[in-house]
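Okay, so here's the structure we're looking at.
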Amino acid sequence: MVESLSKTIVQPALTTRWLGHSYYYLESVGSTNDWLKKMAAAQDAQALPAGTVVLANFQSRGRGRLDRRWEAPPATSLLLSVLFRPHWPAKQSQWLTMVAGLAAAEAIESQSGLSMGLKWPNDLVVRHKDLWHKTGGILLEGELDENGRLQSTILGIGINVNIPQDHLPQTMSPATSLLVASGKTMSRLAILVDFLQRLEHYYEAADGGQSPQPAWNQQLITIGQPVQVTKVDENIPLRGLAEGTNDYGQLLVRDDSGQIHTVTAGDVTLRIE
Ligand code: BT5
């Protein structure tokens, strides 16, 4: 029997103080990010408080960055979006991706014992058969107010929990699920509850001014690797060594001539060579 993630099951299990207390469960939706974006546009902060979570059992039009698809068979994954109203300067938006990545990697490690990492800028990866495989992704979408600060900001995350090997999506870089990597069926509920608790903790720390970047940087498998970064609107790739990230989560790449390039997540694809 597949464990349900409906409101009546999830809400009593939550260990958070506020995050997820406003919770919507959808059996099927186009994209949880799109759904929450529409709701946030139509409702005020009282009706739809920060920390609202929408979770779907299936997405027919799940999205990644740059109009890419996020594909997952029904009832196998965690597919959710969380609403924040951080009022942080726009440059700090990547902090949300960082807190989500840290929270997800830690929650999965603690629930499964698997060895997790993060791949710049927004991938969740698991060590399996001596190779890092993508097992989750984060999609951050936000609006700015007239002062350039983040208003309604939607943090979407997809985690491949119980996708069997022969149902994994065909992807460019290797993908896997926690089931395939560990050989065990996992409780989506346990991972969800743990993730939301850690997310609340990391978000509050970041909101109080504590940068998540040092901890996030430590988890990045990208650092120290030769990389190729390609801008969407340019064909010439930048090749070099990923030296680190700055406080805003931009990647610092040293090319062969020794010059450092600061790469922003929004408009690039990255390949570890
Ligand atoms: C991401 O984009 O990795 C962000 C994915 C965010 C998905 C969540 S699910 C809940 C919420 N609602 C949404 O509509 N989206 C969010 P990106 O870095 O652009 O990676 C997309 C690429 O990952 C695709 O082009 C595929 O190659 C690959 N991919 C697609 N589905 C995958 C899966 N289930 N597992 C691993 N890789 C996948």
Side-chain angles (χ1 to χ4, degrees), residues 5 20 23-26 28-40 52-84 94 96-98 100-101 103-105 108 116-126 128 131-142 153-181 188 191-192 195-196 199 220-222 229-232 249 251 263-272:
L5 297 176
Y23 180 89
Y24 295 84
Y25 173 78
L26 308 168
S28 174
V29 71
S31 147
T32 55
N33 264 40
D34 292 345
W35 190 90
L36 193 51
K37 211 182 294 176
K38 260 195 204 141
M39 287 281 280
T52 294
V53 170
V54 54
L55 182 142
N57 212 27
F58 176 69
Q59 290 184 131
S60 55
R61 296 181 59 81
R63 294 189 293 108
R65 294 177 308 135
L66 312 167
D67 282 334
R68 300 194 195 117
R69 298 284 304 262
W70 187 259
E71 288 170 292
T76 60
S77 300
L78 284 170
L79 305 166
L80 65 141
S81 300
V82 187
L83 175 69
F84 290 102
Q94 190 70 3
L96 282 171
T97 305
M98 294 179 198
I108 295 167
M116 299 297 295
L118 301 172
K119 183 179 160 215
W120 188 88
N122 64 321
D123 286 357
L124 207 55
V125 290
V126 63
H128 178 49
L131 248 190
W132 289 106
H133 289 68
K134 181 160 175 169
T135 190
I138 296 164
L139 177 67
L140 186 70
E141 296 180 298
T153 305
I154 289 156
L155 179 89
I157 181 161
I159 302 175
N160 302 336
V161 182
N162 293 322
I163 308 184
Q165 175 78 52
D166 52 354
H167 286 83
L168 284 167
Q170 296 296 320
T171 52
M172 282 188 307
S173 46
T176 196
S177 67
L178 305 181
L179 165 66
V180 172
R188 291 186 300 163
I191 297 170
L192 173 68
F195 166 66
L196 293 178
L199 182 63
L220 287 179
I221 61 159
T222 321
V229 183
T230 310
K231 274 203 154 193
V232 176
L251 189 67
V263 183
T264 302
D267 54 354
V268 296
T269 59
L270 173 128
R271 199 154 67 84
I272 298 182

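Numbering of ligands and ligand atoms starts at 1, following listing order. Nothing here was measured: the structure is a model prediction, and the numbers come from that model.
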Original post:
Around atom CZ of R61, are there more than 12 heavy atoms of other residues, nucleotides or ligands at under 6.0 Å?
Top reply: no
Original post:
Which residue holds the protein heavy atom closest to atom 20 (O) of ligand 1, what is that atom called, and what is the gap in Å?
Top reply: K134 NZ, 3.0 Å
**OP:** Identify the heavy atoms of I108 and I191 that sit nearest to each other, and give their distance.
**Re:** CG1-CG2, 4.1 Å
Subject >> L168, I163, L179, V161 screened by side chain to side chain contact (heavy atoms under 4.5 Å, CB included) with T76, the one that passes >> reply: I163
**OP:** Show your reasoning for whether side-chain contact (heavy atoms from CB on, under 4.5 Å) applies to Y24 and V53.
**Re:** CA-CA 6 Å; Y24 295 84; V53 170; over 6 Å; no
Subject >> Proximity winner for atom 18 (O) of ligand 1, if only heavy atoms of V125, N122, I159 are counted >> reply: N122
**OP:** With heavy atoms only and a cut-off of under 4.0 Å, state how D123 meets ligand 1: side chain, backbone, both or neither.
**Re:** side chain
**OP:** Pick whichever of T176, L168, L270, T171 has a heavy atom sitting closest to atom 28 (C) of ligand 1.
**Re:** T171
**OP:** Would you please determine whether A72 falls within less than 4.0 Å of ligand 1 on a heavy-atom basis?
**Re:** no
Original post:
Which of the atoms in ligand 1, numbered in the order shown and given with their element, are less than 4.0 Å from a heavy-atom of I138?
Top reply: 4 (C)
Subject >> Contact (N/O only, under 3.5 Å) between R68 and ligand 1 >> reply: yes
Original post:
In ligand 1, which numbered atoms sit nearer than 4.0 Å to a non-hydrogen atom of N160?
Top reply: 33 (C), 34 (N), 35 (N), 36 (C)
**OP:** Might you work through the side-chain contact (heavy atoms from CB on, under 4.5 Å) test for L26 and L55, ending with a clear yes or no?
**Re:** CA-CA 6 Å; L26 308 168; L55 182 142; over 6 Å; no
Original post:
With a cut-off of 4.0 Å, which atoms of ligand 1 are near a heavy atom of E71?
Top reply: 30 (C), 31 (N), 33 (C), 34 (N)
Original post:
Could you state the interatomic distance from CH2 (W70) to CD (Q59), rounded to the nearest 0.5 Å?
Top reply: 10.0 Å
**OP:** List every atom of ligand 1 that sits less than 4.0 Å from any heavy atom of R63, numbering the atoms from 1 in the order shown and giving each element.
**Re:** 5 (C), 6 (C), 7 (C), 13 (C), 14 (O), 15 (N), 16 (C)
Original post:
Does N122 use its side chain to pair, donor to acceptor, with the backbone of G137 at less than 3.5 Å?
Top reply: no
Original post:
Which ligand 1 atoms are under 4.0 Å away from a heavy-atom of T32?
Top reply: 10 (C), 11 (C), 12 (N)
Subject >> Q59, portion touching ligand 1 at heavy-atom distance under 4.0 Å >> reply: side chain
**OP:** Any atoms of ligand 1 less than 4.0 Å from a non-hydrogen atom of S31? List them with their elements.
**Re:** 12 (N), 13 (C), 14 (O)
Original post:
Looking only at protein heavy atoms, which one is nearest to atom 30 (C) of ligand 1, and how far off is it?
Top reply: R69 O, 3.2 Å
Original post:
Taking the side chain from T222 and the backbone from W120, do they hold a donor-acceptor pair closer than 3.5 Å?
Top reply: yes
Subject >> N33: side-chain hydrogen bond (donor to acceptor under 3.5 Å, both in side chains) partners, not counting sequence neighbours >> reply: S81, E141
Original post:
For A105, what residues pass the side chain to side chain contact (heavy atoms under 4.5 Å, CB included) criterion, not counting sequence neighbours?
Top reply: M116, L118, L124
Original post:
Is a side-chain N or O of H133 found less than 3.5 angstrom from the main chain of L131, in a donor-acceptor match?
Top reply: yes
Subject >> Contact atoms of ligand 1, heavy-atom distance to G62 under 4.0 Å >> reply: 14 (O)
**OP:** Specify the protein heavy atom at minimum distance from atom 5 (C) of ligand 1: its residue, its atom name, and the distance to 0.1 Å.
**Re:** W70 CE3, 3.5 Å
Original post:
Which of the atoms in ligand 1, numbered in the order shown and given with their element, are less than 4.0 Å from a heavy-atom of N33?
Top reply: 11 (C), 12 (N)
